[in-house]
Amino acid sequence: MTALQDITQDSAQPETAARPNIRPVAGHIGADISGVDISKPLSAADLAEITDALHRYKVIFFRDQQLDHASQIAFGRQFGDLTYAHPHDDAPPQEYPEIFTIDPRRQEERYGEGFRKRVRTQYSYFNGWHTDVTAAVNPPAGSILRADIVPEIGGDTQWTNLVAAYEGLSEPVQRFVETLRAEHRYGGSRGVDHDDKYAKRVNDNLLVAIHPVVRVHPVTGEKALFVNPGFTNRIVGVSPRESEAILGLLYSEITRPEYTVRFRWEAGSVAFWDNRATAHLAPRDIEHLDLQRRLHRITLIGDVPKGPDGRESELVAGRPFTNEHTVVVD
Ligand code: SIN
């Protein structure tokens, strides 16, 4: 038996094996996947089908899954190597350095009451649409978010398709934006209030990269508008006024409702997005209510983006985002 026959037979599915059911949920982005238990190792066929669905629909949703930290990490590893939790998280759950827990109460406990209100005025990352960690020279390739505690009302997340946003531009504007590059920055441009521990750590650990405004997806070859209000600071090589006007146009394109999908979380829901082709919006509608919302995210180590001319992104400050925790706090 040849090695090829061997592999074919090993990965062959019994005729009766149930296959994942993939159902698109919006016109440009998003699909629900049912009929697969992602807490267990995936067959080669299911892994390939889920990967294809991710690239095609940009964000895929699973419901009623029974994941814990270990099985979420094991699920993610089937798609690639994982990063450390987050560049600015020092306290991931013990033994699970890959898990980034999103729970506003956690941040208030660490950085004091009013943290969210304070940072919202300083760091646009907390303030709207973003693609995860694009201040790094190699932003994550994908993110996998699992709901643990969800409020009875509100708390939905939205995603937008950055490929559709690029393709929706007129041809002359596509050609123009393909020539541009943009600086992405994790905070740090303002003076530091030395009583503010978070501001100090961000300023002491600058994370800045320059990316092409149009990114070519390494798997699909699709072009995506790779800017986001959360991290993109300016267009390089133009005046501040021009930069603001260009970014304003691009932000209004990437946030057009027709390119988006909105997801209502339940405990056990999982969203998996292609971070090279989407931006997302965390909810702000329950901040005034005393409701708890806790989710756990892992991210896949990303490649260095390339523009249509083949030119790569450049690191300006900080280090690539890998499985190492590199932020230093004194
Ligand atoms: C995130 O930005 O990854 C979190 C999104 C959310 O809290 O809904």
Side-chain angles (χ1 to χ4, degrees), residues 25 29-30 54 58-63 65 67 69 72-73 75-76 79 82-89 92-93 96 98-108 115-116 119-120 123-136 139-162 184 186-187 198 202 207 226-232 254-255 260-289 291-302 321:
V25 291
I29 181 170
L54 177 71
K58 320 300 186 210
V59 56
I60 50 182
F61 305 115
F62 302 87
R63 291 204 179 269
Q65 298 289 330
L67 293 181
H69 291 337
Q72 182 176 4
I73 289 168
F75 173 67
F79 298 88
L82 302 183
T83 67
Y84 178 75
H86 184 275
H88 282 287
D89 192 351
Y96 302 106
E98 300 89 350
I99 296 279
F100 177 48
T101 296
I102 295 166
D103 180 347
R105 294 182 191 198
R106 193 174 162 243
Q107 289 163 329
E108 300 265 325
F115 168 78
R116 274 177 294 167
V119 293
R120 208 175 299 128
Y123 303 106
S124 57
Y125 171 58
F126 290 88
N127 210 5
W129 287 96
H130 65 279
T131 297
D132 286 329
V133 199
T134 62
S143 302
I144 301 171
L145 187 61
R146 159 173 66 105
D148 178 0
I149 302 175
V150 294
E152 280 196 7
I153 60 161
D156 301 357
T157 306
Q158 295 172 68
W159 286 263
T160 188
N161 181 340
L162 300 179
H184 295 232
Y186 198 109
Y198 191 76
V202 167
L207 196 54
F226 202 62
V227 288
N228 67 86
F231 290 110
T232 311
I254 66 172
T255 57
T260 69
V261 64
R262 181 176 185 127
F263 187 61
R264 169 111 206 97
W265 294 97
E266 292 160 2
S269 302
V270 174
F272 184 177
W273 61 93
D274 184 339
N275 200 52
R276 304 182 280 207
T278 57
H280 55 281
L281 180 67
R284 295 273 310 276
D285 63 329
I286 53 170
E287 285 177 1
H288 60 301
L289 303 172
L291 295 172
Q292 200 180 358
R293 180 178 186 273
R294 187 198 295 152
L295 302 98
H296 306 285
R297 192 179 85 192
I298 54 174
T299 40
L300 300 167
I301 296 178
F321 185 32

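Numbering of ligands and ligand atoms starts at 1, following listing order.
In terms of polar-atom proximity, defined here as any N/O pair under 3.5 Å, H280 does make such a contact with ligand 1. Geometrically, ligand 1 and W265 share no nitrogen or oxygen pair separated by less than 3.5 Å.
Judged by distance alone, with hydrogens and angles left aside, the side-chain atoms of D285 form a donor-acceptor pair with the main-chain N or O of G155 at under 3.5 Å. Although no hydrogens or angles enter the test, the distance criterion places a donor-acceptor pair under 3.5 Å between the side chain of Q72 and the main chain of I144.
Partners of F263 under the ring-ring contact (aromatic ring centres under 6.0 Å, His included) rule, at least two apart in sequence or in another chain, are F61, W265.
Residue contacts with ligand 1 leave out S143, since none of its heavy atoms falls under 4.0 Å from the ligand.
Residue R297 has at least one heavy-atom neighbour below 4.0 Å for each of these atoms of ligand 1: 1 (C), 2 (O), 3 (O). Heavy-atom proximity to T157, at under 4.0 Å, picks out these atoms of ligand 1: 6 (C), 8 (O). The ligand atoms of ligand 1 that sit less than 4.0 angstrom from a heavy atom of R293 are 6 (C), 7 (O), 8 (O). Set against the non-hydrogen atoms of I102, the atoms of ligand 1 under 4.0 Å away are 1 (C), 3 (O), 4 (C), 7 (O). The H130 neighbourhood of ligand 1 comprises atoms 2 (O), with distances under 4.0 Å to a heavy atom of that residue.
If you check the side chains of H280 and D132, you find a donor sitting under 3.5 Å from an acceptor. For the residue pair T299 and N275, no side-chain donor N or O sits within less than 3.5 Å of a side-chain acceptor on the partner.
Ion pairing of K58 with D274 is absent here, as no side-chain N (NZ or NE/NH1/NH2) approaches a carboxylate O to less than 4.0 Å.
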